[in-house]
There are 2 protein chains.
Amino acid sequence: MLVTLDNLESLLSALEQSDSLEGMQRVIEALRAHYGVAHLVYHWVDSRGDQYGCGTYSDAWRQKYLDETYLRIDPVVQGCYQRFHPVDWKRLDWSSKAAREFAKVAAEYGVGNQGFSIPIRGPNGQFALFTVNDTCDDRTWAGFTQSNRRDLILIAHYFNEKALEFEPARQPGQQQPLSPREVDAMTLIAVGYSRAQIADRLSISEHTLRVYIESARFKLGALNTTHAVARAMSRGLIVV
Amino acid sequence: MLVTLDNLESLLSALEQSDSLEGMQRVIEALRAHYGVAHLVYHWVDSRGDQYGCGTYSDAWRQKYLDETYLRIDPVVQGCYQRFHPVDWKRLDWSSKAAREFAKVAAEYGVGNQGFSIPIRGPNGQFALFTVNDTCDDRTWAGFTQSNRRDLILIAHYFNEKALEFEPARQPGQQQPLSPREVDAMTLIAVGYSRAQIADRLSISEHTLRVYIESARFKLGALNTTHAVARAMSRGLIVV
DNA sequence: TTGCCCCTCCCCATTTTTGGGGAGTAGAAA
DNA sequence: TTTCTACTCCCCAAAAATGGGGAGGGGCAA
């Protein structure tokens, strides 16, 4: 059951050489067979849906997931979004009614009872999950995840690296950077200060501050200040 | 020069068992000796400074870095912030005057000419760097980084996992969830709509909408709507 | 040198948001 | 069953943000 170093090497190499989503799909299927688990999934988590995902879930489940916007209630997504370390599905919060319903439907669509998901984050707020899923008892699963934790982290990392390659918009350079003063302004707005307070704190006039805000809004293509803050945050231009 | 699997295992285990920054510091020193490089550094990159860092740079350099707010001009930080994959310092943009000056000063403080940095991201926009630094020629360095790339990624991951453990504010939990309508409201605000537009889109009165926004603001402990959006985003309650 | 971007300051009027109050329905949890 | 939360609607006045204009000094790069 364990992946030997050689196996891992060859699989990662295959992944590195793949030049399309189809290539990633083949690698993930090979990995699934290798580990002998029910499912293996890499998916880019995004409000637009998992367009950059690949994995072994059925198309029906994938479609169902999108149709029902399960993204918003899936405890795996919610939980992983708050964590850095890989997490066993059992440790997530399944207490809400919606979550229990979700789990029931998932099972009907062939999702196994055990899961282990690794959150991965890229630049500009990119977020993805790499998930191993199977049906087995708790002890077997604990053994599996413990044995393969490190390999899985590495695999997740390589998958995300590949996925980012295929997403040109995520490549650096495209977006206009904010000037230091613009960053200051947006950051202070994001933490709740009013314009008057910020101007005072930055020791500039409120008018000057407005120029920064408007300039940032323009650079970010935002419709208003709140939108600009949201964009700056999701692009990783400011840290709150 | 290569880390064998056993060595890596024992070092990661030592890291897992450390329960303080001092423990991380000891591990990083052991790793540095092990790899035989000039410096090894993990540092949490933050507008407040690298309070959660550990590594082998001299105190003088660390202080200089903070005093001069090199964070804002350091091409390593800037470059890694835009990337997902580990990056060789040679591939970064050192063309600006400030960057060249920075490199000169760094060398004076004992920073080697070769560097390899791994960006790591956690929840809520957390961002850290794991850096290997040495003085040698390009070929030697290329060989070193290629051989150790995967191990270094894993080590970086484990260091960050540890650092997050020591930062209680980054732990999930204790926060009140938003109701579905509140999520709708906050999400639409975050993407730039005005209250009138949102009320129209959700087919509710603007007054009702206001109740949701205020309720969300209260739950999030936010000072105003923009602040609430920022908090909701950084807590992963809404996805934009 | 010239051009470009960043930083700084100021005016106006209009639109939007905010603060604080009250009240009824329905569905879910205890 | 009771209680609680979510959802929906309404008033008013004050505070804040927005839109769009103009203008000068400084630094850095081609």
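In the text below, chain A, chain B and the rest are named by the order of the sequence lines, each starting its count at 1.
Put simply, B/S179 has no side-chain N or O that comes within less than 4.0 Å of OP1 or OP2 on D/dT5. OP1 or OP2 of C/dC6 has not a single side-chain nitrogen or oxygen of A/Y212 nearer than 4.0 Å.
A side-chain donor-acceptor contact under 3.5 Å links B/Q114 and B/D138. Using modelled atom types, one finds no donor on one side chain facing an acceptor on the other under 3.5 Å when comparing A/Q78 with A/D93. With hydrogens and angles left out, the side-chain atoms of B/D88 and B/W141 include a donor and acceptor closer than 3.5 Å.
In this structure, A/L223 atom CG and C/dT15 atom C1' are separated by 16 Å, rounded to whole Å. Atom-to-atom, CZ of B/R217 to P of C/dT17 comes out at 12 Å; the value is rounded to the nearest Å. Remark: C1' of C/dT17 and CD1 of A/I189 are 15 Å apart, rounded to the nearest angstrom. Atom NZ in B/K219 sits about 12 Å away from atom C1' in D/dC7, given to the nearest Å. At whole-Å resolution of the value, CG in A/N224 and C1' in D/dG19 are 13 Å apart. Here C/dT17 presents its P atom at 14 Å from OH of B/Y193, a figure rounded to the nearest Å. B/F218 has its CZ atom 14 Å from the C1' atom of C/dG19, to the nearest Å. For B/I198 and C/dT16, the CD1 to P distance is 13 Å, given to the nearest whole Å.
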Sequence neighbours excluded and cut-off under 3.5 Å, please list the side-chain donor-acceptor pairs for residues 208-224 of chain B, or say none.
{"from": "B/T208", "atom 1": "OG1", "to": "B/S205", "atom 2": "OG", "distance (Å)": "2.9"}
{"from": "B/R210", "atom 1": "NH2", "to": "B/E214", "atom 2": "OE2", "distance (Å)": "3.4"}
{"from": "B/S215", "atom 1": "OG", "to": "B/E182", "atom 2": "OE2", "distance (Å)": "2.3"}
{"from": "B/K219", "atom 1": "NZ", "to": "B/P177", "atom 2": "O", "distance (Å)": "3.4"}
{"from": "B/K219", "atom 1": "NZ", "to": "B/E182", "atom 2": "OE1", "distance (Å)": "2.8"}
{"from": "B/K219", "atom 1": "NZ", "to": "B/E182", "atom 2": "OE2", "distance (Å)": "3.4"}
{"from": "B/N224", "atom 1": "OD1", "to": "B/T226", "atom 2": "N", "distance (Å)": "3.2"}
{"from": "B/N224", "atom 1": "OD1", "to": "B/H227", "atom 2": "N", "distance (Å)": "2.8"}
{"from": "B/N224", "atom 1": "ND2", "to": "A/G192", "atom 2": "O", "distance (Å)": "2.9"}

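Of the candidates C/dG19, C/dC7, D/dA29, C/dC7 carries the atom nearest the A/P180 side chain, counting heavy atoms from C-beta on.
Nearest heavy atom pair, residue B/R83 against residue B/L92, reads NH1-CD2, 3.7 Å.
Ion pairing between B/D137 and B/R139 fails under the 4.0 Å rule for side-chain N and carboxylate O.
Using a 4.0 Å heavy-atom criterion, one finds that B/T225 contacts the sugar-phosphate atoms exclusively. Contact annotation for B/S194: backbone-only contact, meaning every heavy-atom pair under 4.0 Å involves sugar-phosphate atoms and none involves a base.
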Dump the pairs, protein N or O against N or O of nucleotides 9-11 of chain C, anything under 3.5 Å, distances to one decimal.
{"from": "C/dC9", "atom 1": "OP2", "to": "A/S205", "atom 2": "N", "distance (Å)": "2.6"}
{"from": "C/dC9", "atom 1": "OP2", "to": "A/T208", "atom 2": "OG1", "distance (Å)": "3.0"}

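Of the two residues near DNA chain D, B/K97 and A/I213, the one whose nearest nucleotide lies more 5' is A/I213. Mapped onto DNA chain C by nearest heavy atom, A/R100 and A/R181 fall at different nucleotides, with A/R181 at the one closer to the 5' end.
Taking A/A196 as the reference, A/S194, A/E206 meet the side chain to side chain contact (heavy atoms under 4.5 Å, CB included) condition, with sequence neighbours excluded.
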